[in-house]
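Bear in mind the structure is a predicted one, so any value in this text is a computation, not a measurement.
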Number of protein chains: 2
Amino acid sequence: MQQRSEETRTRILEAANRLFSQAGYENTSVAEICQEAGVSKGALYHHFPTKQAVFLALLDAWLAGLDAGFLIARQQTQDVPSAILQMADLVGNVYQTAEVKPAILLEFWIHALRDPVIWQAARAPYQRYLSYFAELIGEGTRQGSLQPVDEPLAARVLTSLAVGLLMQSLFGAQDVNWQHESRQSIQLLMDGLLPRRETQ
Amino acid sequence: MQQRSEETRTRILEAANRLFSQAGYENTSVAEICQEAGVSKGALYHHFPTKQAVFLALLDAWLAGLDAGFLIARQQTQDVPSAILQMADLVGNVYQTAEVKPAILLEFWIHALRDPVIWQAARAPYQRYLSYFAELIGEGTRQGSLQPVDEPLAARVLTSLAVGLLMQSLFGAQDVNWQHESRQSIQLLMDGLLPRRETQ
DNA sequence: GGCAAAATACCGACCGGTCGGTATGATTAT
DNA sequence: ATAATCATACCGACCGGTCGGTATTTTGCC
């Protein structure tokens, strides 16, 4: 029967997600994951060849979820600014759902820098997101709902904002509602800081 | 004589900076730091009570450097937008100087989340920066060089941008000049994305 | 200055404990 | 039966930190 097997695998991933988020990859032992999952070490190494493979599976799942979210956000909106704001909400939602602990994103990032395998797994989607955002912004410009800008640059700025907000939400005060913060931040980016005259 | 002592301490910190940046805190053993520094284990534990204390000393030094940079940036400029752009250059400079490896910033961040000692050491400066930025923006508004905005929000947006750019520079393409990218990003934030009409 | 005593700086072998991964056998489903 | 799934005992490597002892510098005294 493959249902029991599937369930075991899921329990392992959920446990690993919790523990990696809380204590980090290095500080989480395989034994702890097994205990948290209520599963033996043999079971874990039956489903995953290495500890890293568990981590990689989590990364893949997270990226798949992000993909799905972006797709939905685009479909639910008409003009580009709305779509971007919708995606900002998506990022904002990460802070509330207990499902995906934001801290594990830091783990993904830091390991991508050091492990070529993780790097490859994370870089391709990252590039895809950047291209997607640039394309989206170009679409907005053509619509007239955004002013003409350097599209790849704007895409990186958007990404920076999202990443930076996530980092700050991890580290920042509880008295800030990061759910709304992300939307407001994007709004501020769109409006701009400088007074409304020709500046360039 | 305290010169030899001082030199040993410095060598340990430099070695730790290199190794923590390359391999991360957990993946760098005390023995490796000693080897890289050309110093015995006894020497290290003579200067620092624990491995964590070495890390903390690095964090303090990094924050002190940032403080100094901000101070200089403010003194060298007249109006607020220029000061902000100058500070963006400061962040941009981090990518070029081999002195401080940007990757160690990630280490700082991730450990601040898990270690209360690190958390306290990093949080106070972080709050200070946010307040400083908010004050700076308020000053710009009073000058008329910035439009009136929610100042703490704008400060967090600025910080997000800086943090996000740093993260992307770690992870991103080499074909992007992150030195200029930070300045351009801030410029884009100031100009705004939306077409120039009244939007709120 | 010269010299012994005290303090500081440093060395490197060693220890208790942890970790990722393995080997082997038991259990379960088909 | 037999192949997939899981449990348990175990291994070798490694790690942070300690400790007894040594080298070097500073201090106190003449």
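- Taking atom CD of residue B:Glu7 and atom P of nucleotide C:dA9, one finds them 14 Å apart after rounding to whole Å.
- When each of B:Arg142, B:Arg128, B:Arg74 is tested with B:Glu135 by the rule salt bridge (Lys or Arg N to Asp or Glu O under 4.0 Å), just one qualifies, namely B:Arg142.
- The side chain of A:Thr8 contributes no N or O atom lying less than 4.0 Å from OP1 or OP2 of D:dT5.
- For residues 142-161 of chain B, no pair satisfies ring pair (Phe, Tyr, Trp, His ring centres under 6.0 Å), with sequence neighbours left out.
- Judged as a side chain to side chain donor-acceptor pair (under 3.5 Å), and not counting sequence neighbours, the contacts of B:Gln52 are B:Asp115.
- Between A:Phe48 atom CZ and D:dC6 atom P there is a gap of 11 Å when expressed in whole angstrom units.
- Applying the side chain to side chain donor-acceptor pair (under 3.5 Å) test to B:Glu151 and every residue at least two apart in sequence or in another chain returns nothing.
- In this structure, B:Glu6 atom CD and D:dT24 atom P are separated by 20 Å, rounded to whole Å.
- For residues 138-169 of chain B, the set of pairs meeting the ring pair (Phe, Tyr, Trp, His ring centres under 6.0 Å) definition, not counting sequence neighbours, is empty.
- In this entry the distance linking NZ of A:Lys51 with C1' of C:dT18 reads 11 Å, nearest Å.
- The CZ atom of A:Arg9 sits 17 Å away from the P atom of D:dA4 (whole-angstrom rounding).
- Judged as a side chain to side chain donor-acceptor pair (under 3.5 Å), and not counting sequence neighbours, B:Arg9 has no contacts.
- Per the geometry, NE2 belonging to A:His47 stands 17 Å off P belonging to C:dG21, to the nearest Å.
- In this structure, CD of B:Glu26 is placed 15 Å from C1' of C:dG20, rounded to the nearest angstrom.
- Partners of B:Gln75 under the side chain to side chain donor-acceptor pair (under 3.5 Å) rule, at least two apart in sequence or in another chain, do not exist in this structure.
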Let me have the donor-acceptor pairs involving side chains of residues 53-61 of chain B, under 3.5 Å, with sequence neighbours excluded, atom names and distances please.
none

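- Summary of helix geometry: the two end axes of the helix from C:dG1-D:dC30 to C:dT30-D:dA1, each defined by five base pairs via their C1' atoms, are inclined to each other by 20° (rounded to 10°).
- The stretch residues 36-46 of chain B touches DNA chain D through B:Lys41, B:Tyr45, each having a heavy atom under 4.0 angstrom from the strand.
- Under the 30°/60° scheme for interplanar angles, the aromatic rings of B:Phe171 and A:Trp109 are found to be tilted.
- Here D:dC15 presents its C1' atom at 12 Å from OH of B:Tyr25, a figure rounded to the nearest Å.
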